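For ligands, and for the atoms within them, numbers begin at 1 and follow the listed sequence. Quick caveat: nothing in here was measured; it's all calculated off a predicted structure.
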Amino acid sequence: MIRFDILTLFPDMIKGLLSDSIIKRAINNKQIEVNLIDFREFSTNKHKTVDDYAYSGGAGMLISVEPIHLAMKTIPNLNNAKKLLMSPGGKTLTQEKVKELATFEHIVIVCGHYEGIDARILNYVDEEVSIGDYVLMGGEVPAMVIIEAVSRLVPGVISSDSPIDESFSSDLLEYPQYTHPYEYDGFKVPDILLSGHHANIEKWKRYQSLKKTYLVRPDLIKKAHLTLKDYQMLWEIKNENK
Ligand code: ADE
């Protein structure tokens with residue numbers, strides 16, 4: 001069981017994720033628990049505002065540290081939790097990081113919004129995490145990315161053979177997969193997949209994985225754990241259209 005506490009000004013944005021499909025089932029099965037905390041409720045002024053002008057001047061408002069800190073202090077066992085701030089200024093999330101997060105029993109996620117948060121929030125979290133080199137309007141979608149990516153690694157949440165084969169977990173992108181019909185709009189399923197020849201099919205899958213990764217994400221090829229056979233296939237791939 002992993003417990004997530006999400007501190008946000010927009011809890012409704014996240015409710016959709018929790019009320020459908022695999023995440024809903026995981027919550028019902030008590031494999032995960034997700035608490036949404038609206039830190040506007042912890043504003044100490046009568047208008048319930050949570051933002052203010054930046055000391056450095058310039059356009060826009062910043063979220064104050066106090067309401068977030070007060071909200072955090074209501075979370076039980078906070079000291080043992082992994083505390084994250086979603087921010088484009090953090091280290092980029094990778095599957096490796098997701099695996100590390102999945103080892104915690106309790107994850108607290110702070111979602112910023114608007115122009116940013118008073119930098120003193122960093123005294124109350126363990127790290128800043130970005131989901132990629134682009135800027136979103138707030139941390140809610142990134143927090144949902146963490147919930148999804150971590151939850152599917154919790155034993156029993158998805159069928160146990162699924163996470164192994166797929167993109168990134170094996171260093172390479174996934175090979176193409178097909179279902180019925182055999183021919184659609186003139187496009188056929190590769191005949192090798194109907195051959196019943198298990199060894200050749202495995203070879204084909206590896207070749208397709210290597211080819212896709214070579215063409216789309218050559219950076220991953222450099223980091224992948226490859227065998228001599230893989231290098232021979234890569235050589236073939238590079239020479240395919242020569
Ligand atoms: N907030 C805004 N953009 C973000 C990003 N790319 N990752 C995490 N949090 C964000």
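Residue-to-ligand polar distances keep Val135 apart from ligand 1: every N/O pair is separated by 3.5 Å or more. Remark: ligand 1 and Pro142 share no N or O pair separated by less than 3.5 Å (distance only, no angle test).
Judged by distance alone, the side chains of Asp230 and Gln232 never bring a donor and an acceptor atom under 3.5 Å apart. Between the side chains of Asp5 and His106, at least one donor N or O lies within less than 3.5 Å of an accepting N or O. No side-chain N or O of Glu174 forms a donor-acceptor pair with one of Ser209 less than 3.5 Å apart.
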Exercise. Stepwise, does the side chain to side chain donor-acceptor pair (under 3.5 Å) test hold for Tyr182 with Asp191?
Worked result: CA-CA 9 Å; Tyr182 168 68; Asp191 283 316; 2.7 Å; yes
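Shown here is Glu105, whose CD atom has no more than 12 heavy atoms of other residues, nucleotides or ligands within 6.0 Å.
For ligand 1 and Gly132, the ligand atoms under 4.0 Å from any heavy atom of the residue are 6 (N). Those atoms of ligand 1 with a heavy atom of Val129 less than 4.0 angstrom away are 8 (C).
Of the protein's heavy atoms, Ile131 N, 3.0 Å lies nearest to atom 7 (N) of ligand 1. Of the protein's non-hydrogen atoms, Ser87 N, 3.1 Å is the one closest to atom 9 (N) of ligand 1.
Between Gly138 and ligand 1 there is a heavy-atom distance shorter than 4.0 Å.
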